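Written below as structure tokens is the structure these notes are about.
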Amino acid sequence: MAPGAQPERPQMVQGSVPWPDLADALGRYRPLFGEVVDDWDGFIDSLRGPLATCLWTRSGRTDGAALQALLAEQGVPSTPVPWLAGAPGTALTLPPGFKAGQHWWYCAGLAHAQEAVSQLPVLLLDLAPGQRVLDLCAAPGGKTAQIALSLGNRGTLLANDFAMDRIAALQGNLDRLGVVNVTTTRWDGGNFPVAAGPFDRILVDAPCSSEGTLRRNPGLVSKLGPERSTRMAGRQRALLRKAVKLCRPGGRILYSTCTFAPEENELVVADVLAEQDGRLRLLPLTLPGLGTGPGVTHWAGRTLPQTLAGCLRIWPHHNDTGGFFIAVLEKDTAAPGVPAGEPLPLELEPDDAAWCHALAEHYGIAEPITEQFRAHRQTRRGLHLAARDHAPPAAPLPEGSGLFFHRTNIRPPKLTTAGALLLGPQATRQVLDLDAPDLRDAYLRRQTLTPTAAQRAYCRPGQVIVRHRGFPLGVAVLHRSGELESLFPRKWSGCTAAG
Ligand SMILES: C[S@@+](CC[C@H](N)C(=O)[O-])C[C@H]1O[C@@H](n2cnc3c(N)ncnc32)[C@H](O)[C@@H]1O
């Protein structure tokens, strides 16, 4: 078939982008087919098909087999993803369109929905507990949570993003998943203060033209084009340059995008490598069990060094996924680093330890909260918990450090929902187990209900932690009348259709 000619496609998948529109929008990549990748028709076809839902289990709370059993009870088939076996938690694929966020186990932080290919960068970041890590473009935080858990929920991970509303979404995910080793910052990553460094690992999951997400966002098709990619590339270069500066000598940077455009991928990496003049090298990547393609080395009249073939491309038609690009860079041990900056003081005020003790006493938590975590006060509203060895920098000023667990500026003070999910497994009193109908029809909908005497057995009137099948979901007030008033947060009530 002549380049640019459109084959006839008799059937269109409902809701997907018409074949000719897609082939037009991505037609500039046609020359790569036959050179670095096969099957142009298969590529375009794959972008028109629905994409499987994927989620990973929150290790320490559940595992793949247990979540699969829960899903099977609901009649939902699921399969482990073999090529994500090394990632934190177990990755499962589910049917396209499955809305994980509407299920009680999602609200309880047993799992997180994240596209399969998006789970790859953390797998390739070579993480180990004790490393100091920066996630430069972090929101909404799927990868941040994966990194945090790969670090054992200890130590220091800085999660930065430019967009305030997206940082709020990120914090919501971290709270639900019980992550306590993250400090969030809101900063232009290209100008991130060097006083925050140095870092052992840096993830630059860059803002991009997102062509690889067309299966989820067909509406994007009208916005694509080289101008958009060229515009993004300036910002991407600035982000990667800053990451190189902030990385410790001998440390690693992973640069990723979910787009096909070489302008946003190999060209960005090649330019930054050239600027570093041998002080930075591209590491070869392998992913057993996953069909991947090499990086592009000829594009738009430019020939890149052959080493750029060591970048990793994931094409949607090879594994029935979205599209993705990954490059891992290692900074030479002799390259210049940045000095460690001042740490941020994370402290309790004089009366705050008493709040922690009273809370532990109320719920019968044996081990003092202040010994388990680095409890501290960031705001007048109440107290946060961070990992004991969490040591964020003083600059840039954080949006938040750790998990907000106790509201002390109201009477009576209140354990937050995130606090209930984190501390609930240790509670020995003031816990009340609800069955599925009560949970679905009342508690998650913020309705009042009347639990049975057996359900109230470990509770006196006052605040209680609500559980289902032993998993904490949040807080409620048990009134003297025997009525239970739900305090499940409105903003979490995407979780109302419990299954
Ligand atoms: C691809 S998304 C990151 C997805 C995220 N890593 C995850 O796994 O959930 C890119 C993010 O970069 C942020 N961003 C865009 N420009 C930025 C900049 N100059 N500095 C920091 N973040 C930026 C966007 O707000 C967006 O949240």
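For ligands, and for the atoms within them, numbers begin at 1 and follow the listed sequence. Keep in mind the model is a prediction, meaning the values are calculated, not measured.
- Under the 4.0 angstrom criterion for non-hydrogen atoms, G142 is in contact with ligand 1.
- Taking atom 17 (C) of ligand 1 as the reference point, the nearest protein heavy-atom neighbour is F162 CB, 3.6 Å.
- For the residue pair S209 / E264, a side-chain donor-acceptor distance below 3.5 Å is found, with atom types taken as modelled.
- Near W187, meaning under 4.0 Å from one of its heavy atoms, ligand 1 places the atoms 20 (N), 21 (C).
- With D135 contributing its side chain and I202 its backbone, the two residues share no donor-acceptor pair below 3.5 Å.
- Ligand 1 places these atoms under 4.0 Å from at least one heavy atom of A206: 1 (C).
- No donor-acceptor distance shorter than 3.5 angstrom exists from the side chain of D205 to the backbone of C137, with no hydrogens or angles considered.
- For ligand 1, one of its N or O atoms has an N or O atom of C137 under 3.5 Å away.
- If you number the atoms of ligand 1 from 1 as listed, the ones under 4.0 Å from a heavy atom of D188 come out as 18 (C), 19 (N), 20 (N).
- Close contacts between ligand 1 and R235 involve ligand atoms 15 (C), 16 (N), 19 (N) [criterion: under 4.0 Å to a heavy atom].
- Here the heavy atom of the protein found nearest to atom 10 (C) of ligand 1 is D205 O, 3.6 Å.
- Taking 4.0 Å as the cut-off between side-chain N and carboxylate O, R201 and D126 count as a salt-bridged pair.
- Residue G190 places every heavy atom at 4.0 Å or more from ligand 1.
- When the heavy atoms of L136, D161, N160 are ranked by distance to atom 24 (C) of ligand 1, first place goes to D161.
- When atom types are taken as modelled, the side chain of T416 and the backbone of F404 share a donor-acceptor pair closer than 3.5 angstrom.
- By the criterion of a heavy-atom distance under 4.0 Å, the side chain of R166, and not its backbone, is placed next to ligand 1.
- Atom 8 (O) of ligand 1 has its closest protein heavy atom at K143 NZ, 2.9 Å.
- Under the 3.5 Å distance criterion, with hydrogens and angles disregarded, no donor-acceptor pair is assigned to the side chains of H317 and D41.
- For H103 and F98, the ring centers sit closer than 6.0 Å to each other.
- Considering backbone and side-chain atoms alike, D135 places every N or O at 3.5 Å or more from each N or O of ligand 1.
- The main-chain N or O of L220 is never found under 3.5 Å from a side-chain atom of N217 such that the two would form a donor-acceptor pair.
- Taking all heavy atoms of P207, S118, A139, S210 into account, the minimum distance to atom 4 (C) of ligand 1 is reached by A139.
- Looking at atom 7 (C) of ligand 1, its nearest protein heavy atom turns out to be A138 O, 3.6 Å.
- With respect to atom 9 (O) of ligand 1, the closest heavy atom belonging to the protein is G141 N, 3.0 Å.
- The closest donor-acceptor contact from the side chain of E266 to the backbone of G295 lies at 3.5 Å or more, if one exists at all.
- Using the six-membered ring where Trp is involved, F260 and W315 have ring planes that are parallel, under 30° apart on the 30 and 60° scheme.
- Under 4.0 angstrom from ligand 1, there are no non-hydrogen atoms of C208.
- Atom numbering of ligand 1 starts at 1 in the shown order; those under 4.0 Å from a heavy atom of G189 are 18 (C), 19 (N), 20 (N), 21 (C).
- Ring orientation note: the planes of F33 and W40 are nearly perpendicular, at an angle over 60° on the 30°/60° scale.
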